[in-house]
Each structure stands twice: as C-alpha cells, then as structure tokens.
Undergrad: 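Here you go, one structure.
Just so we're on the same page: letters track the sequence lines, and every chain starts at 1.
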Amino acid sequence: MQRPIKVLNVAEKNSIAKQVSAALSNNAARNQRSCSTYNPLFFFPYSINGQPCDMVFTSVAGHLMELDFPENWRKWKACSPVDLYGAPVLKNVPQDKKQVERNLQEQARQCQWLVLWLDCDREGENIAFEVIDVCRRANPRLLIKRAKFSALVRRELERSVQTLGLPDENASRAVDARQEIDLRIGASFTRFQTMLLQDKFDWRPGGDEEEQRKVISYGPCQFPTLGLIVQRQWEIRAHVAEPFWYIHVTYRAPEGQQCTFHWRRGHLFDHAVATVLYEMCVEAPLATITRVDARQTLKHPPLPLATLSLQKEAITHLRMPGERMMKVAEELYQEGFISYPRTETDCFDPAYDLKALVRDHVQDARWGQHAQRIDSGEMWSNPRSGGHDDKAHPPIHPTRWTAGQPNWHQEKARLYEFIVRSFLASCSKPAVGFQTNIEARIDAELFTTTGLMVMERNWMEVFPWARWGGNDNLPPFAVDQTFMPTELLLKEGVTHPPPKLSERDLIAAMERHGIGTDATVADHIQKQLDRGYAAKDAAALFSPSPLGEALIAGYHKMGLSNLWQPDLRGIIEHNISEVARGRRTKEAVLEEAVQHFRGDYRAAALKSGVMVEEVARFFDLRAGGQAQAAGAPPSEELGPCPSCTLPLGLHKPEEGTPYVACAGAPICRKAVYFPRATTHADVSPQSCAHCPGNMRKVAFRFRRAALPYGYDAEMAACVLCDQRFQDLCEACGTNRPPEHSRAPGRGAGQRGGRAGRRVPAAGRAAPQRGPRGRGGRGGAAAAEGRGAPRSRRRGRDSDSDSDDAGWAVGPRARTMSRGPGRGQPHQRARGARYGAQAAGRYAAGRGRRQHANGGSLISATGHVMGNGAAHGACFKCGQPGHWSSVCPNQD
DNA sequence: GCAAGGTC
C-alpha cells in the first residue's frame, strides 16, 4: 500500500474550491476555517492515477499580487511622468491579501504537490503563477501541476484531475505585459493631466480647496470609453437635418379591418422625384395585390444569461444601471439564490439537470404554474446556445427558490424575479405567430404591409418584458384583388440626429471593441461619472461633461486621437495575445509599447498648451493660472507636418490659388481637424466634376444609414454647387436590395475620377487628383468654414511611425463602417448600430440634389449602380474578394 | 492622488 501524499489544491475563489471538493469527494469533504476569512479549507482523500492523496483544497480571491512602482517612484513629484516608462516595477502581495498568502504558505509547507485549479483563462494562468511564487517561497520542493477543466461537473473534474498538466507560462506573461502597459500609461498620463490642469482651472466656482483638487485620471479603458461618449456627442452636433418625402397609403376594409402600407422605396430626399412618383400614383390610384405570403413564424426565447447580456437587459427592463446590478447580483450570489454572476457563458452544459432547477419553482405563486408546465414537458424546450463558454461558470440562473426574503430591498427582489423568469423563459417553447406579408402595386410603385397574429405565447407568458405583436386586424387580401386606398398621401419627414448613448449602447460598443471585460465594463462606465467626465441624464443617456469633452478634444487637436479611440484597447489586446500564443516575447511587446506610448507622451507634453486651451474653452482659469496658460502655444501652431514640413494647422496659400495637398501624405496624420479643419487633406484640391470649385469633406457617418451600398462614411461634396458624389438608384432612390449590385454592368468606377473622391483605405496613400483641380474658389471656405467635426475613425495610418506599426490604429479603425468578415456592411450600417427600424430616422446622406448629378449608370435591372464592393465585389473591376481601394486589376 | 484585472 502506497503512502498517501499531501496535495494542495488552489482555486480562484472559494465557490470553485467548494464545488470541486464536493464533486471529487462525493460531498464528503471536511470543511475547516483558515487564517484567511474568505478562503476556508476542504479536506478529503482521493487517488490520482493510482497514487493515494490527502487533498487539501483552498482558494485565493482573484489576483494575489499587484504591480506597482517602487516607493520612491510613487511620489508624484519625485520624477517626471515620462520617467515612468523606464521606472522599475515590482510585483507584491498587497496588505489586504497577506492573509491569503499566509494561508497558502501554511498549507504549502505540509504538501508535496500543488495543483492549480484557477479559471482557465489568461488571468487565471497569471494568478496560478502568483500562487506558485508564494507557495514555492514556503516550500521550494513542491511539484507543480495544473488542472484544466471545461465545466464544473463531476465527470469533467475527474477527467481533469487524472490528466494534470503544466501551467501556461505564455498566457501568464501576456497578462504581465498587459499589467505593465496599463500601469505605465495609466500612471504617466494621469499624472500628466492632473498636474497640468488640476490647479489651473476653477473646476467648481466657489468650491473649497478640497473640491478643487481632483484627479484627472487616464486609463486605456477609461479613455476609449469616454471617447465613445464624446464621439457620439460630436456626431449629434454634426447632424444636419434633411427633409425627405414618402408616399403614405392606408386601407380600411368595409368590414372594418385596416392597415398601413409602406412604400418599398422607404423615402426619397428628392422632392421633385417623390412628387412625380406620387402624382403617377394619384392618376391611377387603384391598388392591386401582387403578393400574399402567409406563414408560421417563431419568436425564440432569450438566450441563457451571461454577465453582459444580463446588464443590458437589466438596464432596459429594470432600469437598473450595470454597476448597481452587479452589486445586487453579487448579494444574491453570496446568499446562494443565483449562480456566479460574472460569466461569459451563454449556453448550458448538456449534463446540467435543468429540470431539477425548474422543479424548484413549481411552488411559486407568480411563475409556479409555468414552471409546472415546463417540468411536465408540455412547455419544455432545450435552451438555445449563444456559443460562448468561459469554461468555468454556467450561465446566470437561479440556484434556489424563494418567495422573497423579508430583508430584501425592492431592487433585489426585482433582479431575482428577472433572473428566474429569464431562466424559465429560456427553457420554454418558442412563441408561435402567423405572419402575413402583403405587397400591393399602385401604378408602378410597390407597397407592403404586414400582419401578425400571435398564436401561442409560450415563453412570453413567463417573461412579461417581451413584446411581440403587429397588426392582427389585417384585411383579408388575395392576389390580383384590387382596392381603392383610403388614404394616398405624399408625406414629409425629416432626419434626426442619432440619440445620445444609452448605457446599453455603451456596453455593446465596449463589448464590440474589447474595452474592459464582462466583470469590469460596468466599472469603467461608472468611472466616467465618478471622474466627472460624463453625466447621465434623467432618461439614463450619457453625454460628456465639459471636462470630458475638452480632454478628448485636446488629444484630438494634438493629433493623438489614438489615445482615446476605441481601438486602443483592442490593439493592446492584440499585441499581448501574440505573447500568449508564443509568437512574440513579453519583452519585445513591452519594449514596443513603451516606445510607442513614451513617444505619444512626449508629443502630448510638447503640445500641452493645446490641452490647456481646450479646457479653457469650458472653465475659467484660477488666479495664478493665467500666466502659464498665456505661455501655451496656440493650437494652430503645431510645428511642421512630419511628411511635408509645411506648418501644421491651416496652411493658407496665396489668394486665388488652390490649397496645396501634401504630396505623398494626403491625410496628414499628426494634424487635427476639430473644431477647425486643419489637415492638409482637408484643403487638397479635389475638384468638383460639375463646377470649377473644390470639394469639401463632410461628415457622413450618420447619414450612412441611408447611403447606398458600400459608400464610405466620409464623402466629398462641392462647396459651390453642393453636389455630392454618390451613385444612387434613380429608379428607387433608396437603399437597394442586394440584387441591384449583382446585376451586370456595374461599375460606378466608369464614372471618371471616381477614385479620387473616395477616401483611401487606411494605410494607403490617397490617389492624388490630377489636373482636374480648377481654381481654388471654394477652397478657403472648405477649409475654414466647416466647423462640424468629421467623423473620421482612421486615427493614424499604419505607416505613421515605422517602428511601431503594431500600435498604430490601422484598418481596424474602419471595421465599424465596413470590413470583410464582419457581416454584410450595408446591413450593419442600417441595423447594427441603431436597429433596422430606427435606421430610417437617422437616414439623411443622400443630398436632395442627388438625382441631378447626371451621368449615372443604368444597369440591366434599370437601377443605377453604385459601389458593389460592399457585397464583396470591387466597384472598379467588378471582381469579388477585394475592396476597390486595393483593386489589383485597375490602377 | 495613477491602471486594469481578478475577487469578497
């Protein structure tokens, strides 16, 4: 008989230690308190590959160590912030984790093996090495093993413990790199901003000294988050309302049923064209039904809840901010009513006994009946899978039934109810409806209407927040039937700016850009409010504070927008992922990052006057602050353009001559554009095809919703005649269905000079306009007069600094507007950001004169063709697989 | 007085 060895097992948190111990010991583990309050010990015998073991299971509570500068570098005035890029950093166990450390060391001394059961992600791997470090100091002879598990179910845990491996050093080193980058840039820019601005301005007139002192923090998650809020504010401000027209048709049947028809063209921005089409309808108003399509349709229940989806739902349905929701969920979890609330998993393990969980709720007065129907199988349907699994936690679900606890506050009861109902809904059958789509023709115009009858509500019965319904009083139509419309009107509408960001939108945007993790997204949002960078109004919509906007505008004017653009975090993540994959060393990535951000820091410090000037637009200088501010250089004097040596800022040539484009650098990356256009690109002599004027660039971001397929967010329009260069469908004048661009004969490129009007792909030089530039009459106005910020998500081109291409904002910056592999761009432009129905409200893009621009191409289908590139076909050569801006078939 | 990421 072999003598048992002692094995120390460490999990990331107590709940995992408890579950794994229970699973491996058949609920026979002996529980004992340790010197660490939240990390008890569990003892049980076990056998690993035939080797008898005395298992001791305990836990840490997240990271055991913290990265910081040595004491003498922590004093703010001890060094220049730029020195923090070269300062040493230390990893230490902070005071509040000393108990955890002691517990580990006490146990490690008595054990031969150390088995690491930390979460199977990068951070978990890093914590594993922290645990190793601490335990090895107490017992250098420890044998180190790593348990990898993909679910906390017995079979999987048993498999895991019999196939122990080694911890992944690369993953851990990636986290070390992330921590160091975050610390260095966070600390240096926080000190920079704070020491530059803190005492210079009267932040709260009349406030005492304590109120005046505020930390103006910078963080690689904080600032991209703030950037999203500010960017939206600028987009709202830049919106130009434009009227549009549409034909409105209603019909009321003699039996009383009624419906409203929607024009297939949506709406037109050309009043003349809309009027002509309308008059044609009025002259032959009898409508003919051309299509009746009726079918059963399903509405699926919600996916199992992960942290971010729960946050988004709680905000929408319970009006509970994400950060608050996490606190309440934490309480529910601590009391054992719900599962672990920080999870990315949105699919249940098939081995999970969901019916048992449901059965727990049949006694409830509110949802018991529905639970009963699920349990009996009548309502049961396997929960859908969202396709995400963090391999450590199940989706958020109730773990214990309660009718409510006397000490519960209202929010807690509501959140519990939401989680229970959501869980029951996810285990229920989909709702069934009967949808009828009708198409009618009046003259040559097509109109559609839809009716929906909900036949079975199913999951919606237990989930009162769900809405599904439509016109259930549709007149009975048959193909070829004719009717006289009750109303046939030409109505006018107007485009609206995008709404302010809601917390839900903000979370979604952060998720999309990889800013923060599921556990920290809400914290980063809360930090915007705590730091006074943004405010939330009564409708829970975010807008930047003057300080928040000034900070972003300041970096923007310095040409350092990469410090706040949403890609920042994604780029850091991308680089450290290379370390985790073993493709690059931690040292190389760190060195590159330090160089890059030190460069940005120096640039920011050199132009600090720009920041002071920006803040001075919103806040009064304090007594004594004047002198410093007066010495700051005005923002127009930013030094020479790195590409052409012309002074940055507005370069004004002789009267009557066109503005000079910077040869070889059509987009001057270091220049700024807000609030005054000052890039050389803005004053480049792009000439109008219709008049001898120069074109101006206009912000089109929020007009994209109505733009035809594949247009860039930025487009050019002539200052003098305001022609915008777009190819639009003259026949329908609206967003074209996919078949338009598939038709032969496509080729907007056949229109001369097209390439010159398009914004070049990031990282490529823009095609220079040739001798078409005629005169500069519009140039001055173009450059000076357009204060509206352009929505340029380009940042710095990837060739901006040859030594740090990996840290520059490259083509990723464009993925929101389009990008291979991210879905159909047109669909996303319309739907992804605001929802398909809402898209029309923001639609503007097509100038009213769009149809006057002649020279359009009529395809075989009678439609004017535009850029097919959005469908994967190049608009220049018509071939799929590449963008027109990188067309290999044409120059 | 700085970050972000774990967790309580």
Undergrad: Heavy atoms under 4.0 Å, any strand shown: does A:F189 hit a base, just sugar-phosphate, or nothing?
TA: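 No contact.
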Undergrad: For a quick test of reading the model: is some side-chain N or O of A:T520 closer than 4.0 Å to OP1 or OP2 of B:dG5?
TA: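 For B:dG5, OP1 or OP2 has a side-chain N or O of A:T520 closer than 4.0 Å.
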Undergrad: Can you check the A:R33 CZ to B:dC8 P distance for me, whole Å?
TA: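 Rounded to the whole Å, the gap is 17 Å.
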Undergrad: Looking only at side-chain N and O atoms, does A:H524 come under 4.0 Å of OP1 or OP2 in B:dA3?
TA: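 So the side-chain polar atoms of A:H524 never come under 4.0 Å of the phosphate oxygens OP1 or OP2 of B:dA3.
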Undergrad: Does the ring centre of A:F597 sit less than 6.0 Å away from the ring centre of A:Y85?
TA: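 Between A:Y85 and A:F597, the centre distance exceeds or equals 6.0 Å.
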Undergrad: Heavy atoms from C-beta onward define the side chain here; which of B:dC2, B:dT7, B:dA4 lies closest to that of A:P220?
TA: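 Looking only at heavy atoms from C-beta outward on A:P220, the closest nucleotide is B:dA4.
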Undergrad: Report which part of the nucleic acid A:T194 touches: base, sugar-phosphate, or nothing (heavy-atom distance under 4.0 Å, all strands).
TA: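 It contacts base atoms.
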Undergrad: Determine the contact category for A:G516: base if any of its heavy atoms lies under 4.0 Å from a base atom, sugar-phosphate if only primed atoms, P, OP1 or OP2 are that close, otherwise nothing.
TA: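 Counting heavy atoms under 4.0 Å across all strands, the contact made by A:G516 is with sugar-phosphate only.
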Undergrad: Specify the separation, in whole Å, of atom NZ of A:K527 and atom C1' of B:dG1.
TA: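 Taking NZ of A:K527 and C1' of B:dG1, I get 12 Å after rounding.
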Undergrad: Check every atom of B:dG6, B:dA4, B:dA3 against the side chain of A:H63 and return the nucleotide holding the closest atom.
TA: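 Of the options given, the side chain of A:H63 lies nearest B:dG6.
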Undergrad: Please classify the nucleic acid contact of A:N126 as base, sugar-phosphate, or nothing, using heavy-atom distances under 4.0 Å.
TA: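 Nothing, no heavy atom under 4.0 Å.
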Undergrad: Does A:R30 qualify as a cation-pi partner of A:F43, given the criterion of NZ or CZ under 6.0 Å from the six-membered ring centre and within 45 degrees of its axis?
TA: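 Yes; both conditions hold, so A:R30 lies above the ring face of A:F43.
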Undergrad: Apply salt bridge (Lys or Arg N to Asp or Glu O under 4.0 Å) to residues A:E503 and A:K312 and explain how you reach the verdict.
TA: CA-CA 8 Å; A:E503 189 165 346; A:K312 287 188 274 190; over 6 Å; no
Undergrad: Under 4.0 Å: is that the gap between some side-chain N or O of A:T517 and OP1 or OP2 of B:dG6?
TA: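 So the side chain of A:T517 is within the cut-off, an N or O lying under 4.0 Å from OP1 or OP2 of B:dG6.
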Undergrad: Measure the distance from CG on A:N39 to P on B:dT7 and round it to the nearest whole Å.
TA: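 In whole Å, B:dT7 P and A:N39 CG are 12 Å from each other.
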Undergrad: Quick one: do A:E335 and A:K412 satisfy salt bridge (Lys or Arg N to Asp or Glu O under 4.0 Å)? Show the steps, please.
TA: CA-CA 11 Å; A:E335 293 164 25; A:K412 208 158 158 183; 2.6 Å; yes
Undergrad: Identify whether any heavy atom of A:L67 sits under 4.0 Å from a base atom; if not, whether one sits that close to sugar-phosphate; answer base, sugar-phosphate or nothing.
TA: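 Touches a base.
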Undergrad: Which part of the nucleic acid does A:G186 contact within heavy-atom distance under 4.0 Å: base, sugar-phosphate only, or nothing?
TA: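 Sugar-phosphate contact only.
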Undergrad: Base, sugar-phosphate, or nothing for A:Y340, non-hydrogen atoms under 4.0 angstrom?
TA: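 The answer is sugar-phosphate, as A:Y340 gets under 4.0 Å only of primed atoms, P, OP1 or OP2.
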Undergrad: Starting at atom CH2 of A:W76, determine the distance to atom P of B:dA3, rounded to an integer number of angstrom.
TA: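 Rounded to the whole Å, the gap is 8 Å.
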Undergrad: Nearest to the side chain of A:R342, which nucleotide is it out of B:dT7, B:dC2, B:dA4?
TA: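 The closest nucleotide is B:dT7.
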Undergrad: Closest approach to the side chain of A:R569, judged atom by atom: which nucleotide of B:dG6, B:dC2, B:dA4 is it?
TA: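 Per side-chain heavy atoms of A:R569, the pick is B:dA4.
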Undergrad: Have a look at A:R184 and say if it touches a base, only the backbone sugar-phosphate, or nothing, with a 4.0 Å heavy-atom cut-off.
TA: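 Nothing, no heavy atom under 4.0 Å.
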Undergrad: Measure the distance from CZ on A:F597 to P on B:dA3 and round it to the nearest whole Å.
TA: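 Interatomic distance, CZ of A:F597 to P of B:dA3: 16 Å.
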Undergrad: Need to verify one output field. Residue with the more 5' nearest nucleotide on DNA chain B, A:I185 or A:G62?
TA: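 Nearest nucleotide further toward 5': that of A:I185.
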Undergrad: Please confirm whether the shortest side-chain N or O distance from A:S217 to OP1 or OP2 of B:dA3 is below 4.0 Å.
TA: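 True: A:S217 side-chain N/O within range (under 4.0 Å) of B:dA3 OP1/OP2.
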Undergrad: Can any side-chain N or O of A:N575 pair as donor or acceptor with the backbone N or O of A:I571 at less than 3.5 Å?
TA: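 Answer holds: yes.
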Undergrad: Pick the nucleotide of DNA chain B nearest each of A:V215 and A:V60; which residue has the one closer to the 5' end?
TA: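 The residue whose closest nucleotide sits nearer the 5' end is A:V215.
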Undergrad: B:dA3 P sits how many Å from A:F69 CZ, rounded?
TA: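 To the nearest whole Å, that distance equals 12 Å.
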Undergrad: Can you see whether A:F129 has A:K91 sitting over its ring - NZ or CZ less than 6.0 Å from the centre and within 45° of the normal?
TA: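 Judged by the rule (NZ or CZ under 6.0 Å from the ring centre, within 45° of its axis), A:K91 is not positioned above A:F129.
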Undergrad: Which part of the nucleic acid, if any, lies within reach of A:Q179 when heavy atoms closer than 4.0 Å are counted: base, sugar-phosphate only, or nothing?
TA: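 Base: the residue A:Q179, judged by heavy atoms under 4.0 Å, touches a nucleobase.
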Undergrad: Nearest-Å distance, CD1 (A:I16) to C1' (B:dG6)?
TA: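 Rounded to the whole Å, the gap is 13 Å.
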Undergrad: Using a 4.0 Å heavy-atom cut-off, does A:R122 contact any base of the nucleic acid, only the sugar-phosphate backbone, or nothing at all?
TA: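 Nothing, no nucleic acid heavy atom in range.
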Undergrad: Going by heavy atoms in the side chains, are A:C79 and A:W73 under 4.5 Å from each other?
TA: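 Yes, their side chains come closer than 4.5 Å.
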Undergrad: Rounding to an integer number of Å, can you tell me how far A:L64 CG sits from B:dA4 C1'?
TA: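 For the pair A:L64 CG and B:dA4 C1', the rounded distance is 17 Å.
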Undergrad: Does A:Q198 make a side-chain N or O approach to OP1 or OP2 of B:dG1 shorter than 4.0 Å?
TA: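 A:Q198 to B:dG1 OP1/OP2: no side-chain N or O under 4.0 Å.
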